[in-house]
Novice: 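Below is the structure I would like to discuss, written out as structure tokens.
Values reported hereafter were calculated over all heavy atoms of this structure, with side chains retained and with hydrogens, waters and symmetry mates removed. To find a chain, count down the sequence lines: A is the first, B the second, and so on, and within it residues start at 1.
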Number of protein chains: 2
Amino acid sequence: MKRSDYIPKATIERLPLYYRCLEKLSAYEQDEVVSSRELGERLGIPPTQVRKDLSYYGEFGRRGVGYHVEDLKKSLAKILGINKTWPAVLVGAGNLGRALVNYEGFQKMGLQITDVIDSDLDKIGNMVGDITVRSTKDLEDIVKTKQVKIGIIAVPVNAAQDVTDLLIAAGIKSIWNFAPTRLVVPEGIMVRNEDLSVGIVSLIYHLSWENE
Amino acid sequence: MKRSDYIPKATIERLPLYYRCLEKLSAYEQDEVVSSRELGERLGIPPTQVRKDLSYYGEFGRRGVGYHVEDLKKSLAKILGINKTWPAVLVGAGNLGRALVNYEGFQKMGLQITDVIDSDLDKIGNMVGDITVRSTKDLEDIVKTKQVKIGIIAVPVNAAQDVTDLLIAAGIKSIWNFAPTRLVVPEGIMVRNEDLSVGIVSLIYHLSWENE
DNA sequence: TGGAGTTTGTGAAACTAAGAATAAGGCTTC
DNA sequence: GAAGCCTTATTCTTAGTTTCACAAACTCCA
């Protein structure tokens with residue numbers, strides 16, 4: 001597939017939004033075709049931005065017509081890598097861990113949490129959704145046999161770095177980190193921080209400055 | 001407090017990171033002073049960026065010395081508006097809602113979830129943490145009497161817009177949205193989307209392109 | 001006291017992303 | 001099949017953000 005040499009990070013963040021919007025369109029709308037204008041309007045993104053973003057990866061639309069919903073959806077799935085299923089192991093069977101396992105949206109995006117790990121002996125053996133919580137001792141075996149590349153960290157801050165080290169030792173390549181701390185990882189390991197506190201603070205920031 | 005006319009959005013997103021780092025420093029380190037270099041190293045941000053970000057709000061450091069940890073922490077708290085406590089009402093007593101109520105980091109950032117609302121009759125009256133789940137009918141009363149400005153949406157996608165309308169009708173000014181959809185709101189209402197699917201997709205994206 | 005070594009604050013430069021303008025292709029209608 | 005109206009793709013311009021470079025301020029030590 002064509003791909004420009006440099007693609008803005010911001011573009012990559014918008015692609016999933018386009019994808020999800022197309023999913024909705026293909027499920028509920030009868031139109032086979034959507035214009036960049038309509039796609040943009042639904043997402044609050046200018047149409048020129050939509051076209052620009054897509055153009056990094058090729059020509060998907062037809063001038064004077066628009067984009068074919070199904071085709072573009074398939075193309076985006078391929079671009080995003082969600083045309084296959086990615087197994088993931090989640091560490092931390094607390095509230096957040098349970099919420100993530102039960103989160104509806106992941107399956108559609110290609111993520112499947114196949115295993116849940118916890119170090120708390122009381123939690124091992126419990127069910128989270130339809131997954132049995134297993135011990136950290138099993139981690140390496142799980143990662144190796146299922147070829148898992150993604151690890152999700154949903155443990156308290158003070159355990160996050162230890163869990164990271166365990167995951168990397170077991171062979172994990174990408175980490176999705178929900179603990180509000182910066183993880184130290186070797187070259188080649190990708191970390192995405194999903195930092196909830198940052199989100200709320202920027203909301204509060206705007207609230208507190210808004211009358212000045 | 002001094003504040004430049006225009007402050008980059010990216011800067012505002014970094015301020016909470018600085019704040020949290022300072023908290024850690026003030027709790028575990030004996031040094032009273034921290035340099036922009038050290039602060040940056042801990043967060044993976046270049047020191048010039050740290051200084052520039054802070055400089056939008058005034059001069060907090062001493063040349064040749066660095067920043068006084070406690071002072072800067074206090075200044076940042078004031079800038080971010082987290083020197084006071086902001087009450088918030090959470091809608092949706094599912095897994096995600098429970099995870100949010102029990103999330104440790106919020107209190108420190110000035111957010112206090114004071115009430116939980118759900119439309120599901122089976123859930124009303126249940127406890128989430130130490131909060132009793134209440135009906136949507138009580139929403140307006142809660143918002144008015146407690147002067148709540150922040151609403152948190154942790155309901156399924158198809159209910160999110162209805163909940164948004166309810167929150168706004170009740171007088172909410174800022175919405176933190178965990179449902180993976182774009183909310184339609186009137187002018188003057190702030191929305192922050194915390195879209196978990198986007199996070200995982202950008203991780204998958206990098207994984208799937210990495211060997212090309 | 002003065003010089004060497006730090007570290008901040010900031011204006012300018014470089015870089016990155018977004019937006020506007022334009023060119024080119026495609027549909028519709030007569 | 002030609003004119004007029006759409007819509008995409010691309011180039012060019014503008015805006016936004018980061019990085020650089022350096023003066024100013026401070027510490028430490030001789």
Novice: State whether B:Arg192 and B:Glu13 are salt-bridged, where the test is any N-O pair (Lys NZ or Arg NE/NH1/NH2 against Asp/Glu carboxylate O) under 4.0 Å.
Specialist: yes
Novice: Round to the nearest Å and state the distance from A:Glu59 atom CD to D:dT10 atom C1'.
Specialist: 9 Å
Novice: Quick one: on DNA chain D, does B:Ala10 or A:Lys52 contact a more 5' nucleotide (nearest heavy atom)?
Specialist: A:Lys52
Novice: Grab the CZ-C1' distance between A:Arg37 and D:dC5 for me, whole Å please.
Specialist: 13 Å
Novice: Checking contacts here: which listed nucleotide (C:dA17, C:dA18, D:dT17) is nearest the side-chain heavy atoms of A:Arg14?
Specialist: C:dA18
Novice: Measure the shortest side-chain to side-chain distance between B:Val163 and B:Ile117 over non-hydrogen atoms and say whether it is less than 4.5 angstrom.
Specialist: no
Novice: Taking the inter-plane angle between the rings of B:Tyr205 and A:Tyr57 on a 0 to 90° scale, is it parallel (under 30°), tilted (30 to 60°) or perpendicular (over 60°)?
Specialist: perpendicular
Novice: Mind checking B:Pro47 for me? I need base, sugar-phosphate or nothing, with any heavy atom below 4.0 Å counting as a touch.
Specialist: nothing
Novice: Return the value, rounded to whole Å, for the distance between atom CG of A:Asp53 and atom P of D:dA9.
Specialist: 12 Å
Novice: Counting only side-chain nitrogens and oxygens, does B:Ser36 get under 4.0 Å of the OP1 or OP2 atom of C:dT8?
Specialist: yes
Novice: Reading DNA chain C from 5' onward, which residue's closest nucleotide shows up sooner: A:Arg62 or A:Thr48?
Specialist: A:Thr48
Novice: Charged N to carboxylate O below 4.0 Å: is that the case for A:Glu70 and A:Lys74?
Specialist: no
Novice: What's the CD1-C1' distance between A:Ile12 and C:dT16, to the nearest Å?
Specialist: 14 Å
Novice: Indicate, yes or no, whether a donor-acceptor pair under 3.5 Å links the base of C:dA24 to the side chain of A:Arg63.
Specialist: yes
Novice: So if I take every side-chain heavy atom of B:Ser35 and compare against D:dT17, D:dT7, C:dT8, which nucleotide ends up nearest?
Specialist: C:dT8
Novice: At less than 4.0 Å, is any side-chain N or O atom of A:Gln49 found next to OP1 or OP2 of C:dA17? Yes or no.
Specialist: no
Novice: Can a donor-acceptor pair be found, under 3.5 Å and without considering hydrogens, that links the side chain of A:Trp176 to the backbone of A:Ala154?
Specialist: no
Novice: Map A:Lys9 and A:Gly64 onto DNA chain C by nearest heavy atom, then report which one ends up closer to the 5' terminus.
Specialist: A:Lys9
Novice: Any idea which of C:dT16, D:dA9, C:dG9 is nearest the A:Tyr67 side chain?
Specialist: D:dA9
Novice: Distance check needed: D:dT7 P versus A:Leu72 CG, whole Å only.
Specialist: 16 Å
Novice: Go through the N and O atoms of the side chain of B:Arg51 and the base of C:dG9, and report whether any donor-acceptor pair is under 3.5 Å.
Specialist: yes
Novice: Rounding to an integer number of Å, can you tell me how far B:Leu54 CG sits from C:dG9 P?
Specialist: 7 Å
Novice: Would you mind reading off the distance between A:Leu39 atom CG and D:dC6 atom C1', rounded to a whole angstrom?
Specialist: 17 Å
Novice: Find the distance B:Glu41:CD to C:dT7:P and express it as a whole number of Å.
Specialist: 11 Å
Novice: Within the pair B:Tyr6 and D:dT17, is there a side-chain N or O less than 4.0 Å away from OP1 or OP2?
Specialist: yes
Novice: Please check: side-chain N/O of B:Asp195 versus main-chain N/O of B:Ser197, any donor-acceptor pairing under 3.5 Å?
Specialist: yes
Novice: Base, sugar-phosphate, or nothing: which does A:Thr11 touch, judged by heavy atoms less than 4.0 Å apart?
Specialist: nothing
